[in-house]
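All heavy atoms count here, side chains included; hydrogens, waters and symmetry mates do not.
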Amino acid sequence: MNDDLIVTAYVVIDTVMQQLEHRRHPAAQLTDAEVVTVAVVAAKYFQNHHARALQLMQRLGYLSGKLSPSRFNRRLHALADWVRFIPETLGALFATGEAYILDSLPIPVCRRARARRCRTVRGRAYCGYCAAKREKFFGWRLHLLCTAAGVPVAFVLLPAALHDLTPVHELTFGLPAGASVYSDKAYNSRPDEATILAETKVRLVPIRKGNMAPNTWADKLALREYRKWIETANSQLEAMGVQRLHARTTAGRELKLHASVLALTCTNAH
């Protein structure tokens, strides 16, 4: 484990909570910032296995007190809104550049063959297809917007069957005027590009399909330079185990996913 990353994550989390005047229970041995930090460390180094991360951090003296895994789980679920709010807040702070990268990542709930027996989610809305891996999956799709350095700026989790263009307006809203968002072929849509440009002054620049007018030479160079960062960010999330999350409920899966995005923010912004 990296001490600098753990300390940075704790300081950022604790600062945000203090600035918004969050108060913990006076009888609690661990602060709420420490609880969230354990979730981030679990995402970064233990593939979201909370019990292992909690046990090791207590043994190494990173925490100010002791907490059982069951009590930790209850406290973490009570702080679920913070686990989502903190990466969103940090994303708004980092949204100051001129180049951003947009892509989606499959978040399977189970194998496609077991979809009918799945109790977590049900319905054809969760039956998706990953073109990069040429395979079908059942679950969610994480839509991630990052800076040129791979720092998450905005993200949304949607059922896998929904098209990649579904959240594109929401994700690009709030970016600085004149910015460019680079993406793959799945985001080709002249009407959406025109609407986003008119409403937010942000350019959506996808890789053009073979039967479309090609990108300009400048856009081709930018796509070649920036696209590798979103692939790196996706690989980092895959290494954290986001495609193999063990959670009994959708709320638990979302909590671990948000902790992984926060861990990615601390890693690439560190």
Please name all residues satisfying side chain to side chain contact (heavy atoms under 4.5 Å, CB included) with Pro87, sequence neighbours left out, ordered by chain then number.
Phe155, Val261, Leu262
Set of side chain to side chain contact (heavy atoms under 4.5 Å, CB included) partners for Arg244, sequence neighbours left out:
Gln47
Close side-chain approach of Val181 and Ile101, heavy atoms under 4.5 Å:
no
Are the side chains of Leu204 and Ser183 in touch, meaning some heavy atoms are under 4.5 Å apart?
yes
Heavy-atom closest pair (Val16 atom, Trp82 atom, distance to 0.1 Å) is CG1-CZ3, 4.2 Å
Could I get the full list of side chain to side chain contact (heavy atoms under 4.5 Å, CB included) partners for Glu199, not counting sequence neighbours?
His169, Thr195
Please find the pair of heavy atoms, one from Leu162 and one from Arg141, that lie closest to each other, and give the distance.
O-NE, 4.2 Å
Of all heavy-atom pairs between Leu67 and Gln58, which one has the smallest distance, and what is that distance?
N-OE1, 2.8 Å
Which distance, rounded to the nearest 0.5 Å, do you find between the CD1 of Ile13 and the OG1 of Thr37?
3.5 Å
Hphob cluster co-occupancy, Val156 + Ile86, side-chain heavy atoms under 4.5 angstrom
no
For Glu98, all residues meeting salt bridge (Lys or Arg N to Asp or Glu O under 4.0 Å), sequence neighbours excluded:
none
Atom CD of Glu88 and atom OG1 of Thr265: how far apart are they, to the nearest 0.5 Å?
11.0 Å
What residues form a salt bridge (Lys or Arg N to Asp or Glu O under 4.0 Å) with Glu34, not counting sequence neighbours?
none
Rounding to 0.5 Å, atoms NZ (Lys44) and SG (Cys266) come to a distance of 10.0 Å
For Arg74, all residues meeting salt bridge (Lys or Arg N to Asp or Glu O under 4.0 Å), sequence neighbours excluded:
none
Using the rule that two of Ile, Leu, Val, Met, Phe, Trp, Tyr join whenever any of their side-chain heavy atoms come within less than 4.5 Å, decide whether Leu237 and Leu158 are in one cluster.
no
Working note: Leu175 + Thr200, criterion side chain to side chain contact (heavy atoms under 4.5 Å, CB included); need CA distance, chi angles, decisive distance, verdict.
CA-CA 8 Å; Leu175 294 181; Thr200 64; over 6 Å; no
Tell me, yes or no, whether the heavy-atom count around His246 atom NE2, taken from other residues, nucleotides or ligands under 6.0 Å, exceeds 12.
no
What closest approach, in Å, do Tyr100 and Ala95 show between heavy atoms, and which atom pair accounts for it?
OH-C, 3.2 Å
Is there side-chain contact between Thr31 and Val35, with heavy atoms separated by less than 4.5 Å?
no
Using side-chain heavy atoms (C-beta onward) and a distance below 4.5 Å, is His50 in contact with Leu76?
yes
Given the rule in the side chain to side chain contact (heavy atoms under 4.5 Å, CB included) test, do Leu5 and Thr8 qualify, once you have shown the distances and angles that lead to the verdict?
CA-CA 5 Å; Leu5 187 142; Thr8 300; 5.6 Å; no
Flag side-chain contact, heavy atom, 4.5 Å: Phe85 against His258
no
Separation of Glu193 CD from Thr172 OG1 (nearest 0.5 Å)
11.5 Å
Counterpart residues, salt bridge (Lys or Arg N to Asp or Glu O under 4.0 Å), relative to Arg203 (two or more places apart)
Asp219
Counterpart residues, side chain to side chain contact (heavy atoms under 4.5 Å, CB included), relative to Leu93 (two or more places apart)
Leu90
Is there a path of hydrophobic side-chain contacts, each under 4.5 Å between heavy atoms of I, L, V, M, F, W or Y residues, that connects Met57 with Leu79?
yes
Any non-hydrogen side-chain atom of Val202 less than 4.5 Å from a side-chain atom of Leu197?
no
Output the distance between atom CD1 (Ile196) and atom CZ (Phe173), rounded to the nearest 0.5 Å.
12.5 Å
All pairs passing salt bridge (Lys or Arg N to Asp or Glu O under 4.0 Å) where residues 46-70 contributes a residue, at least two apart
none
Nearest heavy-atom contact between Ser104 and Asp164 is OG-OD1, 3.3 Å
Mind listing the side-chain donor-acceptor pairs of residues 145-153 below 3.5 Å, one per line with the distance, residues two or more places apart or on another chain?
residue: Thr147; atom: OG1; partner: Ala149; partner atom: N; Å: 3.3
residue: Thr147; atom: OG1; partner: Val151; partner atom: N; Å: 3.2

Can you see which heavy atom on Leu255 is nearest to which on Val83, and at what distance?
O-CG1, 3.8 Å
Checking Ser260 against Asn48: is there a side-chain donor and acceptor pair closer than 3.5 Å?
yes
Measuring only between side-chain heavy atoms, which start at C-beta, is Lys201 closer than 4.5 Å to Pro176?
no
Linked, directly or transitively: Leu102 and Phe94 (ILVMFWY side chains, under 4.5 Å)
no
Tyr187 and Val205: same hydrophobic cluster, using ILVMFWY side-chain contacts below 4.5 Å?
no
Going by the salt bridge (Lys or Arg N to Asp or Glu O under 4.0 Å) test, which pairs reach into residues 6-15, not counting sequence neighbours?
none
I'd like to know if the side chain of Asn188 reaches the main chain of Ile207, judged simply by a donor and an acceptor atom lying under 3.5 Å from each other, with no hydrogens or angles considered.
yes
With Tyr62, which residues qualify under ring-ring contact (aromatic ring centres under 6.0 Å, His included), at least two apart?
none
Drop me the distance from Leu144's CG to Leu157's CG, to the nearest 0.5 angstrom.
11.0 Å
Side chains of Val36 and Met17 in contact at under 4.5 Å (non-hydrogen atoms):
yes
